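Just so it is clear, the model here is predicted, and its values are computed rather than measured. Residue numbers begin at 1 in each chain, while the letters A, B, ... track the order of the sequences.
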Amino acid sequence: MTDQIRTRIAPSPTGDPHVGTGYMALFNRAFAHKHGGKFILRIEDTDQVRYNESSVGEIMKALDWLGLTPDEGPGIGGAYGPYVQTQRSDLYKEHAEQLVAMGKGYRCFCTKERLDQMRKEQEARKEPPHYDHTCLRLSPEEVGRNLAEGKPYVIRIRIPDEGATSFNDLIRGEIKFENRVLDDTILLKSDGLPVYHLAVVVDDHYMEISHVIRGEEWISSTPIHVLLYQHFGWVPPKFAHMPLMRNADRSKVSKRKNNTSLKWYREQGFLPEGMVNFLALMGWSMPDGNEVFAYEDVEREMDLGRVTTSGPIFDLVKLTAINGKHIRMLSDDDLYNRLVPYLPEGIDMDRVRQVVPIIKDRLTRLGEFMELTDFFFGPPSDYDASLLVPKKATSVQAKDALQKIRALLESLPEPWTHEAWEVGMRAIAEELGVRAGDVFMILRVATSGRTASPPLFESLEVLGKGETLGRVDAALGKLK
RNA sequence: GGCGCAUUCGUCUAGAGGCCCAGGACAUCUCCCUUUCAAGGAGAAGAUCAGGGGUUCGAAUCCCCUAUGCGCUACCA
């Protein structure tokens, strides 16, 4: 065994890549890499019922997107493969049998029905549901007979009746469980595939995982894992249980109450940098308190001792704010390139390039681009003529002002300069005895169809004289 | 129910006995900047540190109890 730091994430391919997977990947990778170690992806696909074909690829794609590509894993390679559990089934089966041979496990022939019944009765008696050891008491002859008859069976772990099992959690300290509250959990299913508890221990051992950094939800089953290490005579890894991300109601983050698919965040145009930054802030903080940072910073400063113990609520508003900050840190070129996948087919890319610098401060997600800038790429969507009329003014007055504006625009030779344009606009306001802002607003609405837009002059510059005049004429037509 | 983990502003957090009648960020509000909206800047408001007992000269920080929340309690992971 090497003393290299090796961490892993072990997602199940049961659906869309989950934010929780990204969250765990971030901490596992940062921790391993900080210490010059390796970060491994292992696919836990032993639940064939919930298995989803495309899921493995999606998980890998999502990790790549986040910049959290594993060092070893399916399709990546490594000296500890295969990295997909169904391809290692013999290993688990072998070890389950070994447990039986050592008397640390036993075959159980109980049917699902009997188990359900037993559980129901125990619950009725207000007892904690526990396997009742029926098959533990089977004589070797009975077991042999059952086997000969081809009766399906599972293999259970034998939990010691006495004593306690404890482990030192890197985040929470000593955690201890009385053995009598532990169940003789099933390790090998009747289909011959392992259950998580067996597979995780066997794999972590053979893959030489040094640190198991996983969600808090696993604390309760960790003693089973520790016992398994003991039964096999293996040295257990170090454990660190991260807090669970929560919905607003504090329940474990779920599809029903949050967007949990990393694909969704990507589609919305959250930057991988923003996502990683936000995820790092869930239950962790930089020593200097800085809240806007890159993955490299997380890696440099990673320290499991700084992980919080209580479950943070996943707050889309904060994610959005952080994402906006990352967008603003992008160069115009970079932003332009990243925008490409979010734009409709056939859009005028030259114009996109012109619009980027004036929309950057206003973007919080890449996917927001079109809805903020649609009027640059086609006529303004239909707007109410009343928007053209300043408060306390009449339609006639607005029309008069707009005509004056049109004349000004018409008279200015291209290329327009900010100075000439602005001086003229302010002169119109003065002549009309209205606030300059009102005059600007009329033009804004006439050209963009909205009352909130990027800076007017820069926008007109992008539109060009012809298009601007055309829109002003259309607006004139709307006014009586 | 049992077991386990947790509990600092609405939210994310700083805080490892005196520097804290608790600091920062997001959100909110105000002001500045300003042609709108943003961005940026400056402020305000917001936490009796879940409650109660201890320990200590001194506790958000240590111990105990209670409450509450969450997780696990599947031939799921």
Side-chain angles (χ1 to χ4, degrees), chain A residues 10-14 44-47 49-50 108 110-112 115-116 119 122-123 125-130 152-156 169 171-172 175-178 180-183 185-197 199-200 214-223 241 243-244 246 248-252 278 281-292 305-306 308-315 317-322 324-325 328 358-364 372 422 425-426 429 435-445 448 450-457:
Chain A
S12 315
T14 53
E44 309 227 326
D45 58 348
T46 56
D47 183 356
V49 180
R50 296 199 302 159
C108 172
C110 292
T111 61
K112 189 124 175 37
L115 259 20
D116 287 342
R119 241 187 312 267
Q122 286 171 336
E123 261 165 56
R125 273 179 270 129
K126 302 238 185 228
E127 288 171 16
H130 248 58
Y153 66 88
V154 301
I155 291 178
R156 291 179 182 273
D169 191 283
I171 295 170
R172 293 152 207 272
I175 300 178
K176 184 171 144 190
F177 291 79
E178 294 296 329
R180 60 183 167 70
V181 307
L182 269 23
D183 199 8
T185 317
I186 291 174
L187 261 22
L188 197 74
K189 297 182 272 186
S190 52
D191 64 2
L193 287 177
V195 131
Y196 175 80
H197 306 300
V200 77
R214 76 226 300 188
E216 186 184 354
E217 59 208 311
W218 296 109
I219 291 179
S220 300
S221 39
T222 303
H241 289 95
L244 246 32
R246 315 291 183 97
D249 64 3
R250 299 218 169 265
S251 54
K252 173 162 97 171
F278 173 72
L281 251 16
M282 299 274 87
W284 187 79
S285 58
M286 282 284 180
D288 66 0
N290 182 21
E291 302 209 4
V292 183
R306 291 192 65 82
T308 311
T309 44
S310 62
I313 290 172
F314 189 100
D315 180 10
V317 175
K318 180 139 185 174
L319 201 211
T320 304
I322 288 186
K325 288 187 191 291
R328 273 166 249 135
I358 62 179
I359 204 66
K360 188 153 79 177
D361 281 349
R362 294 158 181 80
L363 263 192
T364 61
L372 255 31
E422 185 162 355
M425 289 290 283
R426 289 188 187 281
R435 299 187 325 168
D438 286 343
V439 178
F440 285 106
M441 185 53 82
I442 295 173
L443 218 209
R444 179 188 317 284
V445 173
S448 70
R450 51 179 80 197
T451 53
S453 79
L456 234 200
F457 178 72

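Evaluation of atom-type donor-acceptor distances gives a pair under 3.5 Å for the side chain of A:Glu291 against the base of B:rG24.
For B:rA47, there is no paired nucleotide, since no Watson-Crick or G-U wobble pair has both relevant distances below 3.5 Å. Summarising the base pairing, B:rC70 is matched to B:rG4 through a Watson-Crick or G-U wobble pair whose two defining distances lie under 3.5 Å. Across all strands shown, B:rG18 forms a Watson-Crick or G-U wobble pair, both distances under 3.5 Å, with B:rC57. Across every strand in view, B:rG40 sits in a pair with B:rC32 that passes the Watson-Crick or G-U test at under 3.5 angstrom. Partner assigned to B:rA27 is none, using Watson-Crick or G-U wobble distances below 3.5 angstrom.
Residue A:Gly283 is classed as a sugar-phosphate contact, given heavy-atom separations below 4.0 Å to backbone atoms only. As judged by a 4.0 angstrom heavy-atom cut-off over every strand, A:Met282 is placed among residues touching the sugar-phosphate backbone only. Among the heavy atoms of the strands, none lies under 4.0 Å from A:Lys360. Residue A:Thr308 is in sugar-phosphate contact alone, with no base atom involved, counting any heavy-atom pair closer than 4.0 Å across all strands shown. As judged by a 4.0 angstrom heavy-atom cut-off over every strand, A:Ile175 is placed among residues touching the sugar-phosphate backbone only.
Side-chain contact of A:His241 with A:Arg172: a donor-acceptor pair under 3.5 Å is absent, judged by distance alone. A side-chain N or O of A:Arg444 and one of A:Ser453 form a donor-acceptor pair less than 3.5 Å apart. With hydrogens and angles left out, the side-chain atoms of A:Arg246 and A:Ser310 include no donor and acceptor closer than 3.5 Å. Checking A:Asp183 against A:Thr185 by side-chain atom types alone, no donor-acceptor pair falls below 3.5 Å.
For the C1' atoms, the distance linking B:rU61 with B:rG15 amounts to 8 Å, nearest Å. Here, B:rA47 and B:rC64 have their P atoms 30 Å apart, quoted to the whole Å. Of the C1' atoms belonging to B:rU13 and B:rG46, the separation is 15 Å, rounded to the nearest Å. On the P atoms, B:rA22 is 14 Å away from B:rC9, given to the nearest whole Å. Between B:rG1 and B:rU48, the distance separating the two P atoms is 29 Å to the nearest Å.
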**OP:** Summarise protein proximity over nucleotides 71-77 of chain B in one line of letters, 5' to 3': B for base, S for sugar-phosphate only, - for none, counting protein heavy atoms closer than 4.0 Å.
**Re:** BSSSBBB

**OP:** Treat primed atoms plus P, OP1 and OP2 as sugar-phosphate and everything else as base, then score nucleotides 34-49 of chain B 5' to 3': B for base contact with protein heavy atoms under 4.0 Å, S for sugar-phosphate contact only, - for none.
**Re:** -BBBBSS---------

**OP:** Check step by step if side chain to side chain contact (heavy atoms under 4.5 Å, CB included) holds for A:Ile358 and A:Phe457.
**Re:** CA-CA 10 Å; A:Ile358 62 179; A:Phe457 178 72; over 6 Å; no

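Closest approach to the A:Val317 side chain among B:rC5, B:rC26, B:rC12 is made by B:rC26 (side chain taken as heavy atoms from C-beta onward). Of all nucleotides listed (B:rG24, B:rG4, B:rA27), B:rG24 comes nearest to the side chain of A:Lys318.
Here the C1' atom of nucleotide B:rG10 and the CG atom of A:Asp315 are 10 Å apart, to the nearest Å. As rounded to whole Å, 15 Å separates atom C1' of B:rG2 from atom CZ of A:Arg125. Regarding A:Glu127, its CD atom lies at a distance of 15 Å from the C1' atom of B:rC3, rounded to whole Å. Look at CH2 on A:Trp284: it is 18 Å from P on B:rA25, rounded to the nearest Å. If you take CG of A:Asn290 and C1' of B:rA14, they are 13 Å apart, rounded to a whole angstrom.
Comparing A:Arg172 and A:Ile313 by the nucleotide of RNA chain B whose heavy atom lies nearest to each, the residue mapping closer to the 5' end is A:Arg172.
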Set out, line by line, the N/O atom pairs under 3.5 Å between protein and nucleotides 60-62 of chain B.
none

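Proximity of a side-chain donor or acceptor of A:Asp315 to a complementary backbone N or O of A:Val317 within less than 3.5 Å is detected. A donor-acceptor pair is defined here as one N or O able to donate and one able to accept, closer than 3.5 Å; such a pair exists between the side chain of A:Gln122 and the backbone of A:His130.
The existence of a salt bridge linking A:Lys318 and A:Glu291 is confirmed by a sub-4.0 Å separation between a basic side-chain nitrogen and an acidic carboxylate oxygen. A salt bridge between A:Glu422 and A:Arg426 is present, with a side-chain N of the basic residue lying under 4.0 Å from a carboxylate O of the acidic one.
Side-chain contact check for A:Leu188 versus A:Val154: every heavy-atom pair is 4.5 Å or farther apart. Residues A:His197 and A:Ser221 form a side-chain contact, since some pair of their non-hydrogen atoms from C-beta on lies under 4.5 Å apart.
When the side-chain nitrogen and oxygen atoms of A:Arg306 are compared with OP1 and OP2 of B:rG15, one or more of them lie within a distance under 4.0 Å.
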